[in-house]
Amino acid sequence: MPTGTEINVCSTTTPYRQPLTVFARSLRPLGAGPWLPPGQGTLPPPGRPALAQHIPAAPQPSQSTSRRCGQYPVMETGEGTEETPLPLELSTFQVSEEYGFLLPNPLTELPAPYGPWMEIAHDLPRLIASRRLRSQVHQMQQLSTRHLRGREELHLAHLVLSFITMGYLWQEGEEGTVKVLPRNLAIPFWEVSQALGLPPILSHADFVLANWRRKNPNGPLEIENLDTIISLPGGESLRGFILVTLLVEKAAVPGIKAIVQAIRAILRRDEETLHKALQALAEAIGDMSKALKRMHDYVDPAVFYAVIRIFLSGWKDNPAMPAGLVYDGVSDEPMAYSGGSAAQSTVLHAFDELLGIRHSEESTAFLHRMRGYMPPPHRAFVEEIHRAPSLKQHVLSSGDGRLRTAFNQCVSALADFRSYHITIVTKYITVAAAKAKAGRAEAGDSAGPSAGKPPSALEAKGTGGSHIFSFLKSVRDTTREGMISA
């Protein structure tokens with residue numbers, strides 16, 4: 001394996017590949033077979049990792065990449081005609097009617113055998129601030145993953161191990177990184193990652209989708225009643241950053257349901273339902289922008305830039321870790337993975353596919369690479385939308401002015417959301433970086449390894465490794481170009 005290789009979970013040539021399967025049935029316990037590092041013993045066939053071989057795999061979506069591949073025949077509902085089963089049932093793709101892509105009511109504790117993981121995870125801010133996390137990890141017993149049962153336990157295990165890993169890597173800041181992740185952390189993290197089809201690094205699926213709990217179990221899904229399950233340095237600003245992002249995901253839920261309604265309406269030639277679905281989508285995107293604006297109320301830019309951001313950084317396209325990271329016991333060669341990024345959220349990928357937004361070749365390549373950091377069922381959902389009949393072509397061919405207006409309102413709302421995201425990034429990265437350079441950044445309400453010396457390796461890049469402003473402006477501009485002219 002070449003130095004700094006990024007293993008693509010969509011690849012058809014690596015043992016790590018997870019197919020775009022839909023886990024329609026509940027997961028069974030992980031297999032009890034021995035862990036076989038690459039190059040040692042017999043590796044599992046593509047799509048069936050060694051310690052996840054007992055997880056049932058539901059049928060995969062069609063491999064065709066054509067938008068009009070014939071798998072979506074127009075539905076006739078008249079008498080005597082058998083109706084084709086409806087496509088895009090949300091539950092099939094582990095998408096919730098109430099929570100969207102969020103993991104519904106995540107577990108907050110692992111079974112007793114994993115107490116050592118939970119004990120360290122719950123104490124991460126203090127251990128990192130006192131520079132004792134690495135020594136704690138070195139003393140940690142290597143635990144078997146065979147006792148993890150069900151998707152919820154696997155997601156919590158991935159959340160816990162990803163947070164411990166980020167703390168371990170960045171405890172000493174960008175100048176004190178390590179080249180090897182110890183095997184007592186690397187092996188179980190790799191195994192759990194394979195079982196879920198996620199990379200062995202902190203991603204949006206961990207940081208936001210699976211990292212929330214209600215303070216009052218019967219209370220509302222509002223920020224005052226929410227908290228994170230696992231934390232890192234950053235105090236209230238980190239909590240706010242995670243939970244505001246969660247509220248953006250929650251605001252998208254009516255839009256996710258509108259995607260399904262729109263595709264079904266196209267297949268049934270139901271223009272009235274399609275119009276209502278497009279109105280609901282535009283409204284949902286507007287609500288996402290309103291939720292994003294709450295970032296100003298809960299996140300201190302100085303804390304985000306000087307303390308939080310480094311812990312979201314990966315080891316691909318990062319000058320602080322140019323060779324990547326060796327996962328001891330997994331591979332002798334270093335591997336490279338991108339850090340957490342908003343581009344790993346399935347929401348905007350789904351909206352882009354429905355609206356037929358086509359980004360530049362460079363931006364598209366990055367976005368498609370970020371899909372490898374999504375849970376496989378969510379990634380499959382995006383692919384299914386891509387294969388559905390073209391909404392834009394339907395609106396154009398219909399000649400319906402109401403549909404054209406509603407379509408353009410969706411595109412406009414999406415471009416506005418992306419514009420506001422640029423505003424947020426400007427405040428929390430560009431302006432904060434300038435202040436940090438001038439020595440005016442404050443650590444705020446928290447302490448961390450980078451509090452006194454903000455990271456510089458990713459000043460012009462996102463934590464996912466993109467050239468942040470050129471990328472954000474490009475996708476915003478190509479979104480605007482998706483409007484249908486009168």
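- Residue S237 holds its OG atom at 5.5 Å from CD1 of I308, rounded to the nearest 0.5 Å.
- Proximity of F93 to H378: side-chain heavy atoms (C-beta onward) are nowhere separated by under 4.5 Å.
- With respect to the salt-bridge test (charged N to carboxylate O, under 4.0 angstrom), the residues D328 and K179 do not qualify.
- One distance of note links CG of D206 with CG of L209; it measures 8.5 Å at 0.5 Å rounding.
- Donor-acceptor pairing under 3.5 Å is recorded for the side chains of S419 and R476.
- With hydrogens and angles ignored, the 3.5 Å screen pairs no side-chain donor or acceptor of S363 with any backbone N or O of S360.
- Within a 6.0 Å radius of CD in E224, more than 12 heavy atoms belonging to other residues, nucleotides or ligands are found.
- Between the side chains of E271 and H394, at least one donor N or O sits under 3.5 Å from an acceptor N or O.
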Does the side-chain hydrogen bond (donor to acceptor under 3.5 Å, both in side chains) test come out yes or no for H359 and D352, once each step is laid out?
CA-CA 9 Å; H359 299 296; D352 277 348; 2.8 Å; yes
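- At least one donor-acceptor pair closer than 3.5 Å links the side chain of S313 to the backbone N or O of I310.
- A distance of 9.0 Å separates CG of L133 from CE of M140, quoted to the nearest 0.5 Å.
- In the displayed structure, E283 atom CD is contacted under 6.0 Å by at most 12 heavy atoms of other residues, nucleotides or ligands.
- Pairing each heavy atom of P104 with each of S96, the nearest pair is CG-CB, 4.0 Å.
- Taking 4.5 Å as the limit, some side-chain heavy atom of P182 sits within range of a side-chain heavy atom of Y168.
- Separation of atoms CZ (R264) and CD1 (I259) is listed at 12.5 Å; rounding is to 0.5 Å.
- The two atoms that bring N216 and N225 nearest to each other are N-OD1, 2.9 Å, heavy atoms only.
- Other residues, nucleotides and ligands place more than 12 heavy atoms under 6.0 Å from the NZ atom of K427.
- Between W212 and T228, the closest side-chain pair of non-hydrogen atoms is not below 4.5 Å.
- Partner of P199 under the side-chain contact (heavy atoms from CB on, under 4.5 Å) criterion, chosen from L196, I201, L202: I201.
- In this structure the side chain of R126 never reaches within 4.5 angstrom of the side chain of P233, judged on heavy atoms.
- The aromatic rings of F207 and F241 sit tilted, their planes meeting at an angle between 30° and 60°.
- A343 and M370 make their closest contact through O-CB, 3.5 Å (heavy atoms, listed as atom of the first residue, atom of the second, distance).
- Under 3.5 Å, the side chains of D477 and S474 contain no donor-acceptor pair of N or O atoms.
- Shown here for S231 and P125, the closest heavy-atom pair between the two residues is O-CD, 4.0 Å.
- Judged by distance alone, the side chains of T426 and T423 never bring a donor and an acceptor atom under 3.5 Å apart.
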Ring pair (Phe, Tyr, Trp, His ring centres under 6.0 Å) between Y305 and Y428, intermediate numbers included:
CA-CA 6 Å; Y305 184 77; Y428 284 89; over 10 Å; no
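- Each of T177, L181, L325 was evaluated against W315; a single residue qualifies, L325, per the side-chain contact (heavy atoms from CB on, under 4.5 Å) test.
- Here the side chains of D400 and V395 are not in contact, with every heavy-atom distance at 4.5 Å or above.
- Classified by interplanar angle (parallel below 30°, tilted 30° to 60°, perpendicular above 60°), the ring pair F471/F366 is perpendicular.
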Pair E172, R134 - check side-chain contact (heavy atoms from CB on, under 4.5 Å), show working.
CA-CA 10 Å; E172 304 295 333; R134 288 180 182 171; 3.5 Å; yes
Go through the steps to decide whether T245 and H204 satisfy the test side-chain contact (heavy atoms from CB on, under 4.5 Å), and finish with yes or no.
CA-CA 10 Å; T245 307; H204 182 80; 3.8 Å; yes
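- Salt-bridge annotation for R214 and E222: absent, with no side-chain N of the basic residue lying under 4.0 Å from a carboxylate O of the acidic one.
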I223 and R294: CA distance, side-chain angles, deciding distance, side-chain contact (heavy atoms from CB on, under 4.5 Å) verdict:
CA-CA 10 Å; I223 200 164; R294 301 185 71 181; 3.5 Å; yes
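- The pair R371-E383 counts as a salt bridge, with a side-chain nitrogen and a carboxylate oxygen less than 4.0 angstrom apart.
- R239 places a side-chain N or O within donor-acceptor distance of the main-chain N or O of L226, the cut-off being under 3.5 Å.
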Determine, step by step, whether S162 and T165 satisfy the side-chain hydrogen bond (donor to acceptor under 3.5 Å, both in side chains) criterion, reporting the C-alpha distance in whole Å, the side-chain angles of both residues, the deciding distance to 0.1 Å, and the verdict.
CA-CA 5 Å; S162 66; T165 295; over 6 Å; no
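- With hydrogens and angles disregarded, no donor-acceptor distance shorter than 3.5 Å links the side chain of R213 to the backbone of I229.
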Is there a ring pair (Phe, Tyr, Trp, His ring centres under 6.0 Å) between F189 and W117 once you walk through the steps?
CA-CA 11 Å; F189 193 17; W117 291 354; 9.5 Å; no
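- One distance of note links NE2 of H122 with CD of E109; it measures 4.0 Å at 0.5 Å rounding.
- Smallest separation of non-hydrogen atoms from A413 and A282: CB-O, 4.0 Å.
- Between the side chain of Q344 and the backbone N or O of G339, at least one donor-acceptor pair lies under 3.5 Å.
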May I have the step-by-step check of salt bridge (charged side-chain N to carboxylate O under 4.0 Å, His left out) for D287 and K290, ending in yes or no?
CA-CA 5 Å; D287 289 342; K290 292 176 186 174; 3.8 Å; yes
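- Ion pairing of K215 with D227 is absent here, as no side-chain N (NZ or NE/NH1/NH2) approaches a carboxylate O to less than 4.0 Å.
- In this structure, a donor-acceptor pair under 3.5 Å is present between the side chains of R418 and T479.
- At a threshold of 4.5 Å between non-hydrogen side-chain atoms, the residues L238 and V307 do not count as touching.
- The closest donor-acceptor contact from the side chain of R379 to the backbone of Y373 lies at 3.5 Å or more, if one exists at all.
- Taking the centre and axis of the six-membered ring of Y420, the NZ or CZ atom of K293 falls inside the cone set by 45° and 6.0 Å.
- When all heavy atoms are compared, the tightest approach of Y337 to P200 is CZ-CD, 3.6 Å.
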I'd like to know whether S345 forms a side-chain hydrogen bond (donor to acceptor under 3.5 Å, both in side chains) with E249, so could you lay out the CA-CA distance, the side-chain angles of the two residues, the decisive distance to 0.1 Å, and finally the verdict.
CA-CA 8 Å; S345 170; E249 290 275 346; 2.6 Å; yes
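- A salt bridge between D317 and R369 is present, with a side-chain N of the basic residue lying under 4.0 Å from a carboxylate O of the acidic one.
- Separating the CZ atom in R480 from the CD1 atom in I357 is a distance of 12.0 Å, to the nearest 0.5 Å.
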Determine whether V95 and E89 satisfy the following criterion, side-chain contact (heavy atoms from CB on, under 4.5 Å), listing intermediate values before the conclusion.
CA-CA 9 Å; V95 183; E89 288 288 347; over 6 Å; no
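- Within the 4.5 Å cutoff, the side chain of E236 has no heavy atoms near those of the D300 side chain.
- Using a 4.5 Å heavy-atom cutoff, the side chains of L355 and K392 are not in contact.
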